[in-house]
Every structure is written in structure tokens, then in C-alpha cells.
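Right, one structure below, let's go through it.
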Amino acid sequence: MKVSYKQTDDPCGVAITDQIKQRRLQVLTDEPVSPTPTDAESFEFPVDEAFTIEASELFIDRAEEVYLRSDSGGHDGPVTHQTQVEPGSGLYSLDISGPVKLYWRFSGTPTIRNGADSLRVVFDESRVVEFGVRTYHKHPAGTITTTEDPTDVMAAVSSLSSALKTTSCERSYPTLRGHPPLLELGDDLDIPDSFSSPNTGIEIVIPPDLLYIYSATPLAYYLGADLVPGNEPKIRTGEFEHGLPRGRSFEDEIAKLLKQTLFLDCVVRTEGIHQVDLYERRQVEPFLPFETGAMYDRPLTEQLAAYLSVPHEVIEPYLPRWCLTAHLPAEAKHVDAIPHIVNDLGIIRSPKGTARTVSRTVSTQAEEARLYRSNARNSTHEEVSLSLIEPERNDESIEHAWFGEKLPLGASKASVRSFEHQLEQGERSDSINITVVCNDPLMLDEQASIDDAYGKRGDQPYNVDSHFGVPQAELATLLTDEACDFLHYIGHATPTGLRCTDGELDVRELESVGVNVFLLNACRSFEQAEALVEKGSFGGVATLGDVVNEHAVEIGHAIAHLLNLGFPLRAAVELVHEHTQIGDQYLVVGDGSVDIVQSEGGPPLVCHVEHADGGNYGLSIHTYPTKELQLGSRTVPTLESVEDYYLLPGRMQTFELDEQTLREYLMWTISPVAYRGQLFWDNAMGNVNIE
């Protein structure tokens, strides 16, 4: 069972849980209820579970996106934050985007209040309410086998688009893009009949070379296009051709077209099932060479031709920030990584970079006098160097993931194993289980600093288990515990082990581990982090070289807060790089999209505050993606004066607010505040000196 539900008595209502992703939503009622199963097929949109309850009031203590529809057609639109709607008597449905997708159907005379941090529906009398629930969890439907021959690889990756649930512009919604089938190498090409690509009439002509094939695959998946061999790269349909460059410019053009197509689909879809006021549409619509309303129902080939006629500079300032750029070697053995990258709609680039040699140890007597998190600081003064590759990268994505053999500088070290472990995961416990291990009494400051982070969430059941001075056998037991959702290790490390009270524990010698996500906040912890991912973990954060204890405390504190607020690893590490002194020593190992807990309502975000004219303040909201809110999702800020929706991830326009309005907004918005180059964790502006 993907989704479970049960009645609760204190407070009364229904608790809904995604058993695999550990997402939880509590719906409170004015009186005790007894959920009764009903027909899931009766809902217009797909749901995993359906049930009914009887109540006169429903309440969700979270800020969620809400869309109201009436059977009469009199109401069809969003219920924005800090808005009350009284639509009169009738039959209604509410579409609620939360930790799970939720649909309510009911009749009566409701009053719907979508507040700054909650949703309340009150009926004129007790009513039967139908619930439909769908998980955001995506799983591949099977595996395609291909040989190393490029023409076979072209056929195989062309079939990944069989996972699309529609070829309309609504496929820009992440919930309508299924996980592509897996790919594996074999002796023969084997594409099961169920994995036939949609007949869109679009072809991408490219040379039969893995360099071109890998780069073109994400666009081919999104367009439902077939990759076909040809000397001159082009996009071809029955109506038009669009030439593509050869050589290194090819991947740049493919990335640009993927961004442009998804963005314009997001604009055009506002004429469809969710008709909202989209900020980006208002900005670009006057400059589009087509009418948005007329474009909605046109065939995909006509839409694509129209999209390609739009100058890229018209839309570039408003594009969402991409989540992932994957630096993937054009070798057949890496074909198994492609479905996982495409599932994130990642951009694929060939690995290019500059070789670097970086010291893993300190080099001066003044530095050596400070406390470092490395065994080497206590045993030897010999300098240890590390050979790295600094990838050629731009700012197009939050995460740049390196799939090559070398260790990257300024990028994540990706591993297909991290994705495979997630696909193998079964049902988890209802609580989020966090294990903190501190193996050096001189580092207790960090353990104390995270007491105000982990577990301080009233909407989420936590179990935080702290351990001090752990020997090897006990640490091995903790690492192999299948119930451990997150490990925060504080102490010393070397490439050959994590220090314990009786020596080192080398993770590479364990048969498997049960830890899902981790932070190894110790010097030179990369090798042990890589072993955790190989043995069963999804991903985590590690270090390349020596880190000063006081800086490590700062970074451990920051990452703990960010993860507790629902930020994924990729966003947490990027923010650490931006706002701490030695953040560049930290990198993601494994899948950067993983998190440990759902956000508290809407996407995780950072509020950037700066002074404006007339004593006012400028508020710029930077949103980040989650497993639920991926590329193509939208959000609306909980500001009473704002009704526009924004694509995410990315930066919203800057809102000019007076001090009182700013304080009220931050009081109800649980997020870090960036002010004068620092991150403040308390959302109350009273703790931020804005003089």
C-alpha cells in the first residue's frame, strides 16, 4: 500500500501517510470521524486511495495550494492565501497540493478560508466529504535492455517517453511525467511492447554517436520524440525542420530548447485544467508571436513550431532555475544513469574540466594550533594531496552532478547506486528517525547547536537519538539499522575510517548499511561517504579536506536547520557554499535531490531582505525544489497583496514592503532569512538587526 489513512482522536481527524516517502498530512475535524473506503475510480484525476468521512469542518494546519471547482462551472480557479470564498450551495471539489495530493468532493454551502499558514472549510451542517489521495512517488515500470551499438541505444532511449502520461502541455506538471523505464546493457536490444513511445510525429536527427545521444535524450523524453540517425542534426516533423549545431554547441542548444519548451508549456497550460494568474505569463505574453489561448488545444507539432519561433532572450529572464546538470561520460557503461537523470528532467553534458591538486591538510603552524576534525592532525604533519577535476559549469542548475571517474571540485559526486537504493526502498515507519553521533568531547558544541533544529516540528513525528563516545561495534550497529532515516556524524575521519573510542570503523568493510541520508561532518570524510552510498544510502554530505572545528560547527548547524525545513541536499550544500567560510570543502555524494523531511507548506525557500527607499524593505523569495515540487511546479507567496503564481525553483520578483508587513509575513513563514550576507534561522525579524 502506497498511501495509508487512519482516524485520530487527539486531535480528532484523519492522518494520511505516504508509506514509502514518509510524507504525512493531518486533516482535523470538529468531531471524531470514521473513514470509510470508497471507489477510487470515481475521481476525475488518478488517486491511490479513496474514502469518505462525515464532518461539518475540515482544517489543515499548513499553507497549501488550493484550487476550487464547482459542478455548475460557476467556480473554477485558485483560492489564494489570505482569501475567504463563500461560493453558495452546490457540488464542489477542492484540489490540494500538499505532502500528498489530496482531493475533496462535497455538497453544501461551504465557507473556504485559505489563511497564511492553514486551510479551513466550514459547512452549513455535517456533510459527507469524499477524499481522494495520491502519492507523488514515481517508480519505473520496468527495464529496457540495449547493446552498446549507438543505433540500439537511440532506440532504447527513444522509448523512455513511454512514461509520459500525456503529450499535451500539461506534461509540464511533474506529476504527469512518469519515471522512465530503467536501462541496462545486454547482448540484444529488448524493448517490451508496453514501452512504445507516443506517436507525436517529432524526430530529433543526430549522428549515431553517444555524445549526441546522451545530450539529446532529456529533450526527446519531454517531447515524446524519436532519435533517428543522420549526418546533420535537426528537429523534424511533418510540417517543419529546425536545424541544430554540431560539436560542443549541440548540448548548449539542446539545453536551451528543453528550457524553452517546458517554460512555454507552463505558460500555455494556464488555459487548461488549472487556470491561474501566472507571473511569468504576464511578463512574456506581450512579446509572444502567438495567442496563448489559441495555442492550448493545438497539436504538439504546431506548439513546438510556435515555441521555436520565440527569441530566447524574450523568455530567458523568467526561466525557472534548473535543478540538475549531469556531467555524464559518453560511454555505453553509463547508459544506466540516463533514466534517473531524465526523471529529474536534468540537462546532460559531456564531462569537461580542469585538473586540480588540492591539499587535504593544513600547512602552517598557526593553522595546526587549531582544532581540526582529522586524525592526521594528531598523528602526522605530512601533507596529503588530492587530485580533483573542476568541471566546466555555469549557473544554469542548482546541482552539477559529476558521473565521471575522478572526484569533482565544486560539484556533486553522483552514483547510480544511490538511485537504485531508493527504488528498492519499502515501507518506512511513521516517524522520522534521526541518529546523532558525537565521537569527540571537544566537539560537543555542534551537538548542542543542533538541539534547536532536529525534531522541532509540530507537524512531523520525530525520533532523535543521540550517542556519545561510540565504539566500533556500536557504530556499525547504528549504520546497519534499517530504521535510520538520517545520520549526523560529528568527529574525526580519514579515508580509511570513522574514528571511534576503540579505533576506526571502515564503512567499506560492512556488508550493507541502513542509513538513508547522512552528514559526515569530519575532515576528509569523502571516501567513507562514498562507501555509505555504495552499501545502501541514498546520498549525503561529506568533506574533501581538513575543516576547522569552529567552522564545521557553523556548517553542521546550518545543514541541520536546512534539512529540518525540507531543503534537499543539493539546495542545502549550495546555501552552505554561499553563506559560510569553508563551505566549498563540502560536497554531495549520491543523489542531491534527497531530503529527510517534508517542507512545512509549499516549497522550501529563503527570504532575502534588503533596504529599499522610504524606509521600506525589499523582499526577494528564492524557492527550491522538492521530490513533490519539481521542475514545472508553481507556488504563490503568502502575501495578502500578491495573487500571482510563480514557477519554481527560482527567484520571485522583489516585493517592496513596509516594516510591519515584512514582520507579519516572516512571522508566518518558516524559512531562513538572508540579510547582509548572513542567514538567520529564526523567522521572527525581531532576531535580525535591521537597523
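In what follows, every heavy atom counts, from backbone to side chain, and hydrogens, waters and symmetry copies are set aside. As the structure is a computational prediction, the values presented were derived from the model and not from experiment.
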- Which is it for Asp595 and Lys21 under the salt bridge (Lys or Arg N to Asp or Glu O under 4.0 Å) test, yes or no, and what are the steps along the way? CA-CA 10 Å; Asp595 54 32; Lys21 295 176 69 67; over 6 Å; no
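- With respect to Arg62 and Glu600, no salt bridge is recorded, no charged nitrogen being found less than 4.0 Å from a carboxylate O.
- A donor-acceptor pair is defined here as one N or O able to donate and one able to accept, closer than 3.5 Å; no such pair exists between the side chain of Gln84 and the backbone of Ile112.
- Interatomic distance, CD1 of Ile202 versus CG of Leu304, reported as 5.0 Å (0.5 Å rounding).
- Here Lys627 pairs with Asp591 in a salt bridge; the nearest charged N to carboxylate O distance falls below 4.0 Å.
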- Begin from the C-alpha positions of Ser4 and Gln19 and carry the test side chain to side chain donor-acceptor pair (under 3.5 Å) through to its verdict. CA-CA 7 Å; Ser4 66; Gln19 297 292 107; 2.8 Å; yes
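- When the shell of 6.0 Å around CG of Asn199 is examined, it contains 12 or fewer heavy atoms from other residues, nucleotides or ligands.
- Neither side chain, Asp485 nor Tyr462, offers a donor N or O lying under 3.5 Å from an acceptor on the other.
- For Thr638 against Ala116, the heavy-atom pair with the smallest separation is CG2-O, 3.4 Å.
- In this structure, Phe43 and Tyr103 have tilted ring planes: the angle between them lies in the 30° to 60° band.
- Here the side chain of Ser537 pairs a donor or acceptor atom with the backbone of Val515 at under 3.5 angstrom.
- For Glu643, the CD atom counts as loosely surrounded, since its 6.0 Å shell holds 12 or fewer non-hydrogen atoms of other residues, nucleotides or ligands.
- Sparse packing is recorded around CD of Glu41, with 12 or fewer heavy atoms of other residues, nucleotides or ligands lying under 6.0 Å away.
- Checked against side-chain hydrogen bond (donor to acceptor under 3.5 Å, both in side chains), Ser162 has no partners two or more places apart in sequence or in another chain.
- In this structure, Arg24 contributes its side chain and Ala15 its backbone to no donor-acceptor pair below 3.5 Å.
- Side-chain contact check for Thr83 and Thr80: at least one donor-acceptor pair (N or O, by modelled atom type) lies under 3.5 Å.
- A cation-pi arrangement, defined by a distance under 6.0 Å to the six-membered ring centre and an angle within 45 degrees of its axis, is present between Arg269 and Tyr173.
- Legend: residues meeting side-chain hydrogen bond (donor to acceptor under 3.5 Å, both in side chains) with Thr480, ordered by chain and number and at least two apart, are absent.
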- Task: For Arg281 and Glu271, run salt bridge (Lys or Arg N to Asp or Glu O under 4.0 Å): C-alpha distance rounded to whole Å, both residues' side-chain angles, the deciding distance at 0.1 Å, then the answer.
- Result: CA-CA 11 Å; Arg281 173 175 173 171; Glu271 293 287 329; 2.9 Å; yes
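- Under a 4.0 Å N-O distance rule, the pair Arg69/Glu44 does not qualify as a salt bridge.
- To the nearest 0.5 angstrom, Thr29 atom OG1 is 9.0 Å from Glu57 atom CD.
- Checking side-chain atoms of Glu184 against main-chain N and O of Asp336 turns up no donor-acceptor pair under 3.5 Å.
- Judged purely by distance below 3.5 Å, without hydrogens or angles, the side chains of Asp18 and Thr135 pair a donor atom with an acceptor atom.
- Note: Ile20 CD1 to Gln422 CD = 12.0 Å, rounded to the nearest 0.5 Å.
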- CA sep, side-chain torsions, deciding dist, call: Leu569, Ser593, side chain to side chain contact (heavy atoms under 4.5 Å, CB included): CA-CA 6 Å; Leu569 292 178; Ser593 73; over 6 Å; no
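- What you find for Asp265 and Cys169 is that their closest heavy atoms are OD1-CB, 3.3 Å.
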- Task: Mind running side chain to side chain donor-acceptor pair (under 3.5 Å) on Tyr67 and Asp76 for me, showing each step along the way?
- Result: CA-CA 8 Å; Tyr67 199 92; Asp76 189 355; 2.9 Å; yes
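- By the 6.0 Å and 45° rule, Arg105 does not stack over the aromatic ring of Tyr92.
- With 3.5 Å as the limit, one finds a donor-acceptor pair spanning the side chains of Ser431 and Asn433.
- When atom types are taken as modelled, the side chain of Trp322 and the backbone of Leu345 share a donor-acceptor pair closer than 3.5 angstrom.
- No side-chain donor-acceptor contact under 3.5 Å links Ser118 to the backbone of Gly115.
- At least one donor-acceptor pair under 3.5 Å links the side chain of Glu280 to the backbone N or O of Leu647.
- Thr325 and Ser397 share a donor-acceptor pair across their side chains, judged by distance under 3.5 Å alone.
- Remark: the backbone N or O of Ser158 is paired with a side-chain donor or acceptor of Ser161 at under 3.5 angstrom.
- Between Tyr454 and Phe486, the distance from one ring center to the other falls under 6.0 angstrom.
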- Query: Could you go step by step and tell me if Val276 and Val636 meet the side chain to side chain contact (heavy atoms under 4.5 Å, CB included) rule?
  - Reply: CA-CA 10 Å; Val276 301; Val636 59; over 6 Å; no
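- Between the side chains of His81 and Asp117, no donor N or O sits under 3.5 Å from an acceptor N or O.
- Annotation: cation-pi pair Arg171/Tyr222 present, NZ/CZ under 6.0 Å from the ring centroid and within 45° of its normal.
- Tyr645 has its ring centre no less than 6.0 Å from the ring centre of Tyr279.
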- Can you list the steps and then say if Gln7 with Ser34 is a side chain to side chain contact (heavy atoms under 4.5 Å, CB included)? CA-CA 6 Å; Gln7 69 185 69; Ser34 298; 3.8 Å; yes
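- A donor-acceptor pair is defined here as one N or O able to donate and one able to accept, closer than 3.5 Å; such a pair exists between the side chain of Thr8 and the backbone of Gly13.
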- Message: Run the side chain to side chain contact (heavy atoms under 4.5 Å, CB included) test on Ser599 and Glu628 for me, step by step, so that the C-alpha distance in whole Å, both residues' side-chain angles and the decisive distance to 0.1 Å come before the verdict.
- Response: CA-CA 10 Å; Ser599 60; Glu628 295 77 45; 6.0 Å; no
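- Between Phe51 and Phe131, the ring planes lie parallel to each other; the angle is under 30°, not in the 30° to 60° tilted range.
- To the nearest 0.5 Å, atom CG of residue Asp61 and atom CG of residue Leu25 are 10.5 Å apart.
- Judged by distance alone, the side chains of Glu130 and Thr52 never bring a donor and an acceptor atom under 3.5 Å apart.
- Side chain to side chain, Ser168 and Glu170 meet the donor-acceptor criterion of an N or O pair below 3.5 Å.
- Ser412 contributes no side-chain N or O that, together with a main-chain N or O of Ala414, makes up a donor-acceptor pair within less than 3.5 Å.
- Note on Lys101 versus Asp95: salt bridge recorded, some NZ/NE/NH1/NH2 to OD/OE distance being below 4.0 Å.
- Note that the CG atom of Leu223 and the CG atom of Leu164 stand 9.0 Å from one another [nearest 0.5 Å].
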- Stepwise side chain to side chain donor-acceptor pair (under 3.5 Å) check, Asp226 with Ser197: CA-CA 8 Å; Asp226 290 325; Ser197 57; 3.0 Å; yes
- Message: The test is salt bridge (Lys or Arg N to Asp or Glu O under 4.0 Å); show your working for Arg634 and Glu65 and say whether it passes.
- Response: CA-CA 9 Å; Arg634 62 174 186 264; Glu65 182 184 323; 2.5 Å; yes
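- Put simply, CD1 on Ile204 and CG on Leu227 are 5.5 Å apart, with the number rounded to the nearest 0.5 Å.
- Inspection of the Thr626 and Gln598 side chains reveals no N or O donor paired with an N or O acceptor under 3.5 Å.
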